[in-house]
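Letters go in sequence order (proteins before strands), and every chain restarts at 1. Note that the structure is a prediction, hence the values are computed from the model and not measured.
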Protein chains: 2
Amino acid sequence: MQDRITQVLKAIADPTRREIFHALVVAATAMPITQISGQFQISRQGVTKHLKTLEDVGLVHINTQGRERFCVADAKPLKEVNSWLKFYEDFWDSALDDLDSYLDGSS
Amino acid sequence: MQDRITQVLKAIADPTRREIFHALVVAATAMPITQISGQFQISRQGVTKHLKTLEDVGLVHINTQGRERFCVADAKPLKEVNSWLKFYEDFWDSALDDLDSYLDGSS
DNA sequence: TTAATATGCAACTATATGGTTGCAAATATA
DNA sequence: TATATTTGCAACCATATAGTTGCATATTAA
């Protein structure tokens, strides 16, 4: 098994999965799978698989109601990604100066 | 080809790659490949492949000096991930209330 | 009861990915 | 010059991943 942050990053690394997640976030309402899959070109089963991946990492919660399965987005797991990123925040502006001087051919 | 954000996310979705990147960031100095690979269990070629992936997305810059290839980390591409995340920041605390009421069985 | 709808399960395919090993080439050192 | 070091290239392997299709099942509607 992989650690949580790896799982979440893998989940959002797929563009289709990000689109599905985004659609659910902006929908602001729970949507059954068929309705979601109607918004994408790939097959319903393809969408279902992506939803399963998203559910596994907690980015989507699914609630069965009769024959339908309603999906809602949950952005909470993204906090962990944000925490990981935060460490590098200090570097992504300053570090390049060192790089530039290095590439100048010094040392 | 994939879009930039997807490439960056895929690059950091691998735990070994994150470790290599992190090692370079904290090293705060350029390191030749062999020296980097000495810090990991996988083969030098394995590390080289990861470095190539990191270089492709701009998270690492490589500068050849004689027979050595010095690698430096560059966190800049992570800004894009941060921007992507930012949109969901508003949701990752509030959204769950809706979810909870939903899971309560209403509607 | 019969028909339609929403879904899951399973098998399958193609390709990407993380890793390895062997070898050749370039550079540095003795 | 001979040897050691750093590296790239290429082939190879195992597994994961994104996607498909076909079929069975459960629920709802006619």
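- In terms of polar N and O atoms assigned as donor or acceptor, the side chain of A/Arg67 comes within less than 3.5 Å of the base of C/dT5 in a complementary pairing.
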Within the sub-3.5 Å range, which N or O atoms of nucleotides 21-24 of chain D have a protein N or O partner, and how far apart are they?
none

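- Atoms CZ (B/Arg18) and P (C/dT17) sit 16 Å apart, rounded to a whole Å.
- Atoms CD1 (B/Ile36) and P (D/dT6) sit 13 Å apart, rounded to a whole Å.
- Looking at heavy atoms from C-beta onward, B/Asn63 lies out of side-chain contact with B/Arg69 at the 4.5 angstrom threshold.
- The distance from atom CG of B/Asp56 to atom P of C/dT17 is 11 Å, rounded to the nearest whole Å.
- Distance CD (B/Glu19) to P (C/dG18): 14 Å, rounded to an integer number of Å.
- Under 3.5 Å, the side chains of A/Asp3 and A/Thr6 contain a donor-acceptor pair of N or O atoms.
- Side-chain atoms of B/Lys10 lie closest to C/dT17 of the nucleotides D/dG19, C/dT17, D/dT7.
- Protein atom CG of A/Leu9 is 13 Å distant from nucleotide atom P of D/dT17, rounded to whole Å.
- Counting non-hydrogen atoms under 4.0 angstrom, A/Thr48 reaches the backbone sugars and phosphates but no base.
- Atom CZ of A/Phe40 and atom P of D/dT20 are 13 Å apart (whole Å).
- Between A/Gln65 atom CD and D/dT28 atom P there is a gap of 10 Å when expressed in whole angstrom units.
- Contact annotation for B/Thr16: backbone-only contact, meaning every heavy-atom pair under 4.0 Å involves sugar-phosphate atoms and none involves a base.
- Between B/Gln35 and A/His50, the residue anchored nearer the 5' end of DNA chain D, judged by the nucleotide with its closest heavy atom, is B/Gln35.
- Using a 4.5 Å heavy-atom cutoff, the side chains of A/Asp93 and B/Lys79 are in contact.
- Below 30°, between 30° and 60°, or above 60°: for B/Tyr88 and A/His22 the angle between ring planes is above 60°, a perpendicular geometry.
- To the nearest 0.5 Å, atom CD1 of residue B/Ile12 and atom CD1 of residue A/Ile5 are 7.5 Å apart.
- Taking every side-chain heavy atom of B/Asp14 into account, C/dG19 is the closest of C/dG19, D/dA18, D/dT7.
- The side chain of A/Arg17 has D/dA18 as its nearest neighbour among C/dG8, C/dG19, D/dA18.
- With sequence neighbours left out, B/Phe40 forms a ring-ring contact (aromatic ring centres under 6.0 Å, His included) with no residue at all.
- Along DNA chain C, the nucleotide nearest to A/Glu68 and the one nearest to B/Lys49 differ in position, and the one closer to the 5' end is contacted by A/Glu68.
- With respect to the salt-bridge test (charged N to carboxylate O, under 4.0 angstrom), the residues A/Asp14 and A/Arg18 do not qualify.
- Whole-Å rounding puts the A/Leu54 CG to D/dT17 P distance at 13 Å.
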